[in-house]
Amino acid sequence: MRRSTLSGIAVMPGLAVAIYPGTDPLEYPGPAWSPYLVGSLIGLLSMATFYFSAKPLGASSAYAALAGMLGRSVAPKHTESLKYFDENPPVVGWGLMLLLGTVVGAFLAAWTGNELTGQWLSPMWVARFGDDSLSLRLVVALVGGLFMAFGARLAGGCTSGHGISGTLQLSVGSWIAVICFFIGGIATAMVMFRV
Amino acid sequence: MAPESHSLTHSDSRSADNSRGNREHPLKPQRFSNQLLLGVLFGVIFGFLLQKGGVAKYHVLIGALLLEDFTVVKVMLSAIIVGCVGIFCLHSFNLVKLHIKPTRYAANVIGGLLFGIGFGLLGYCPGTGAAALGQGNWDVLSGIVGLLLGSYLFAEVSGLISQTINTWGERGKLTLPDLIRTKRTPFLLVWVPVLIVVLFAVDRFTTR
């Protein structure tokens, strides 16, 4: 459905929400494969990582390891004095390899599926913030990444570590964390795109 | 907070290794580098699946947070259902150890909300961000710098946090069946069908 140039109004349960033209996510291509197939295969992959590597799938701690290694090369004494890095020595380990593999795997998937983008701004971002908004995007992404990593370390994991690996093991903390991920994320995205 | 050290103790547990025999680590002397290679292999599969599942795309992830695109929910719920049944089956045959993170109410809630704000701003999470980079969404590079800064910033205050927020409502490895004082198996016999019904409902009432 094409929307006119004027912001339309969609009525969500009980509240009116502005929709800027081009910011309907369903106007853009969805997943190449069925999400149920992909999710089930990720479930099988979790079983494999538990069995072969005795590790749950997780992504965020690899960024902390990378940050620790960078920090150690700049300020070795200070970095090693920090409690987190003392308990989790930053090394090139399984988690960091998993993260690097993720980049490669996604490249292969996008390449084989003709979905390589090579773009600085996603069309939905451009529709909302304009095509001259690169510096805004970079600042928002940087601040977002900062909040996200801090939050992940405080909560003890991310959408993979808590959201999949933790919830599937019925961990109470993981279910609480993933619900809070979505509460914070929904509020932020609504403010950015629907206010 | 220490998943790494946690799993080290697990893989060092002799009995578990012996029971699994040589099938798992045919090249025992090179087991360490083997694990790094396995990590890459699992990562490639993970990234491939994330991209094919559409969750390396900015509009799919933001669409999830706008409650308009339910791809993320469908992927996550399917993974949770299959992984939950599979891993508890493996566990009941003593083939895997569990890796349950500690429940800390305050840290889970505060950290979770901060994470969520960051998720909305960046539009990718740590795993799907790596997948977004592989797909060619270069804006995530700035987010990765932010993720590194945020991780280091947390380490800066980790001493303080361990004495404050982490102690508020600390409950250890608490699971849902513990919470309602049931055994795991009967809990799963209800829980898994509930998740499946939720997934069917999501499928029935959403466009994507």
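In what follows, every chain begins at residue 1, and chains take the letters A, B, ... in the order their sequences are listed.
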Examine whether an atom of [X] lies under 4.5 Å from a heavy atom of chain A, and if so say whether it belongs to the side chain, the backbone or both; otherwise answer neither.
X	value
B:T207	side chain
B:K57	side chain
B:I161	side chain
B:D178	neither
B:L77	neither
B:I165	side chain
B:V157	side chain
B:L41	neither
B:R171	neither
B:Y124	both
B:L113	both
B:V72	side chain

Going by the rule side chain to side chain donor-acceptor pair (under 3.5 Å), which residues pair with B:T103 if we only count those two or more places apart in sequence or in a different chain? none
Proximity breakdown for [X] and chain B, heavy-atom pairs closer than 4.5 Å:
X	value
A:P29	both
A:L116	both
A:W175	side chain
A:L134	neither
A:S160	side chain
A:L70	side chain
A:M192	side chain
A:A187	neither
A:S81	neither
A:V191	neither
A:S165	neither

How long is the gap from [atom1] on [X] to [atom2] on [Y], to the nearest 0.5 Å?
X	Y	atom1	atom2	result
B:L153	A:Y84	CG	OH	13.5 Å
A:L170	B:L174	CG	CG	11.0 Å
A:M190	B:L65	CE	CG	8.5 Å
A:Q169	B:T175	CD	OG1	10.0 Å
A:S46	B:F42	OG	CZ	10.5 Å
B:Y58	A:Q119	OH	CD	11.5 Å

Shortest non-hydrogen contact from [X] to [Y]?
X	Y	answer
A:Y51	B:L95	CD1-O, 3.6 Å
B:D139	A:A141	O-CB, 3.9 Å
B:S142	A:L138	OG-O, 2.6 Å
A:P25	B:E68	CD-OE1, 2.9 Å
A:V172	B:L176	CG2-N, 3.6 Å
B:P126	A:T159	CD-OG1, 4.5 Å

Can we call the ring centroids of B:F200 and A:Y36 under 6.0 Å apart?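 No, ring centres 6.0 Å or more apart.
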Between B:G43, B:G54, B:G118, which has the largest tally of heavy atom pairs under 4.5 Å with chain A? B:G43
If you count heavy-atom pairs under 4.5 Å with chain A, which of B:A131, B:A106, B:G169 comes out on top?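 Among the listed options, the one with the most contacts to chain A is B:A131.
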Under the side-chain contact (heavy atoms from CB on, under 4.5 Å) rule, what do A:C180 and B:F115 come out as? Steps first, then yes or no, please. CA-CA 8 Å; A:C180 292; B:F115 182 100; over 6 Å; no
Would you find a donor on one side and an acceptor on the other, under 3.5 Å apart, between the side chain of B:K74 and the backbone of A:P35? no
As an exercise: rank A:F85, A:F182, A:F147, A:F150 by heavy-atom pairs under 4.5 Å with chain B and give me the winner. A:F150
Chain B contacts, top residue of A:Y28, A:W111, A:F107 (heavy-atom pairs, under 4.5 Å):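 Ranked by heavy-atom pairs under 4.5 Å with chain B, first place is A:Y28.
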Between A:L154 and B:N166, is a side-chain contact (heavy atoms from CB on, under 4.5 Å) present by the stated rule, with each step listed? CA-CA 8 Å; A:L154 180 56; B:N166 277 358; 4.2 Å; yes
List the steps and the verdict of side-chain contact (heavy atoms from CB on, under 4.5 Å) for B:F46 and A:L45. CA-CA 8 Å; B:F46 190 42; A:L45 180 66; 3.7 Å; yes
